[in-house]
Amino acid sequence: MKPYRFILLYSLLLCGCMADTPHWHIGVSQCSEDIWRDWQNEEMKLEAHFRDDVRLSFATAHDDSRRQIQQIDSLVACGIDLLIVAPNQMQNISSAIDRAYDSGIPVIVFERKTDSHKFTAFVSADNYEMGRQMGEYMAVQLGGQGNIMEVMGLKGSSPALERHRGFHDAITRYPDIKVVATLHGDWTEMTAYEATKRWLNGTSVHGMSIDVVFGHNDRTAMGARRAFEEQVARNASSQGQKDILPLFCGIDGLPGEDGGICQVRDSLLTASYIYPTRGDLLLQLALEILEGKTYKKETLLTSALVTHENANVLYLESEEVVRRSQRLERMQLLASHYLKELSAQKTITVLACGVIVLLLIAIVLFYLYHRGQVNIRRERVLNNLWNMDNSPDPPTCISAPEASSAPAKQVIEGTLPSETDEPPGSKLSDASPFINLFREVVERNMSNSELSVEDLAADMNLSRVQLYRKVKAITGSSPVELLRTARLNRGYQLLLTTDKTVSEVAYAVGFSAPAYFTKCFKDKFGIVPGEVRSKVSA
Ligand code: FRU
């Protein structure tokens, strides 16, 4: 594989290793932002921590239906795989939910209803039943007689409508209990406070006292309570009148210091009703749908009344749950920190391996290049040494007159290898004096057919082994091979430049048998000695 291809492949692999894209993208469209939604969002996030293939995108409409429609459309445009939605109001949001559903995205509607049937699953507690049980509880508290103020949730939102219905169905069974005021808030403490304050400012007109306030949620009940407290304080200072505060009941029963359970425990509220958030369940359901598992189309969440009797136990239990989830979150944080470190280490290891592999490739390439260069230099030395081109094509060379005379002249005059052929300081340059000496000894004794490597070595004051090692190291050939090459090259030149017969030439260059000279000559030059003459004369 070519090096650049390898590098490309390697980079792609590296990117693949580092890419960490979650598989499922879930959009959560919340109608409001408040502590109830915060609890729920946190539960979803905590649950998502257990999965590394889930990404959550949250949007909150701040009780504005038009805004929620836009947010749903943009979540869908973002390419979410599933939508979890709490519709602000029953009617207005349906068009956006229908669009999401029609585009093939599964939709989980939770806690608030739409007037469309285009959803995949629905999760909620029974708002009608909660309203009804609250009505029953208040009737018991009042001993079947008294005045109630109802402060409703946002107009057009399904929990407000259902809680109202359930509550009235219960109260109508008690003829001496009257709902003397039904005010409208939008689930926030502020709107409940203002509506109650407005109503109280006109009490002289209404001229009646309130025994119980039913807020559709705990924040609403607490807003109404603030307005009543202010009025009691005002009356006490202006008229010295000691008014009694009514009872306040709400719904939500959240854990935590700001939650309804604590408010009941501290007697700020007389009762609340747990309206379960269950973000964990929503996320599990979403994944069941996405992964094609069987799931419940409708989930009814169980809830319970919170009163002064059970508030403390519930509070302690909820605190324990909070502590556990905090511990879990800390563990999760640690784990994700550890995972991040691990993936950083993985990246570093992959990079380091990459660098090592690239270095190895570079070393191998450099080695191959260097070996090629050394071979070229060796060949050049050999050519110069014996003044003969190793080209296997001497007949073509000698067919041109100028080509034929040039190598002969070199041999006859005994031209030395050029010093400039080798880079200064190279091994081969350093070896030139030795090789020159070897060549001189070979040329001087070449005609001696009895000449042995021992004779050559002795002439150079070396042992046979020393000569072999040195010559082999410098030229890559053995002394015997070089001797034969020298004899054949000289024979070639003699054939070109003298009238000697082939036999005379063979003896002159140290071959004891002309037939063997002819064979070696053919092996080296590809032609028999006689052909050299005929080519020249042709
Ligand atoms: C939270 C909330 C709760 C209430 C519910 C009604 O946004 O206002 O307090 O019970 O929504 O949908």
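Note: hydrogens, waters and symmetry copies are ignored here, and every other heavy atom, side chains too, is used. One-based numbering, in listed order, for ligands and for the atoms of each. Not measured: the values here are computed from a predicted model.
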Q.
Using only atom types and a distance under 3.5 Å, with no angle test, would you say the side chain of Glu129 pairs donor to acceptor with the backbone of Gly166?
A. no
(Q) Restricting to salt bridge (Lys or Arg N to Asp or Glu O under 4.0 Å), what partner residues turn up for Arg371, sequence neighbours left out? (A) none
Q) If you draw the axis of the six-membered ring of Tyr275, does the NZ or CZ of Arg163 fall within 45° of it and under 6.0 Å from the ring centre? A) yes
Q. With a distance cut-off below 6.0 Å to the six-membered ring centre and an angular limit of 45° from the axis, does Lys297 pair with Phe119 as a cation-pi contact?
A. yes
Q: Identify the residue among Ile148, Asp211, Val213, Thr270 that makes a side chain to side chain contact (heavy atoms under 4.5 Å, CB included) with Leu247.
A: Thr270
Q.
Within the 3.5 Å criterion, strictly below it, is a donor on Tyr315 or Glu320 matched to an acceptor on the partner's side chain?
A. no
Q. Tell me, which residues have any heavy atom less than 4.0 Å from some atom of ligand 1?
A. Ser32, Asp34, Trp36, Arg37, Glu111, Arg112, Pro159, Arg163, Trp187, Asn217, Arg219, Asp252, Tyr275
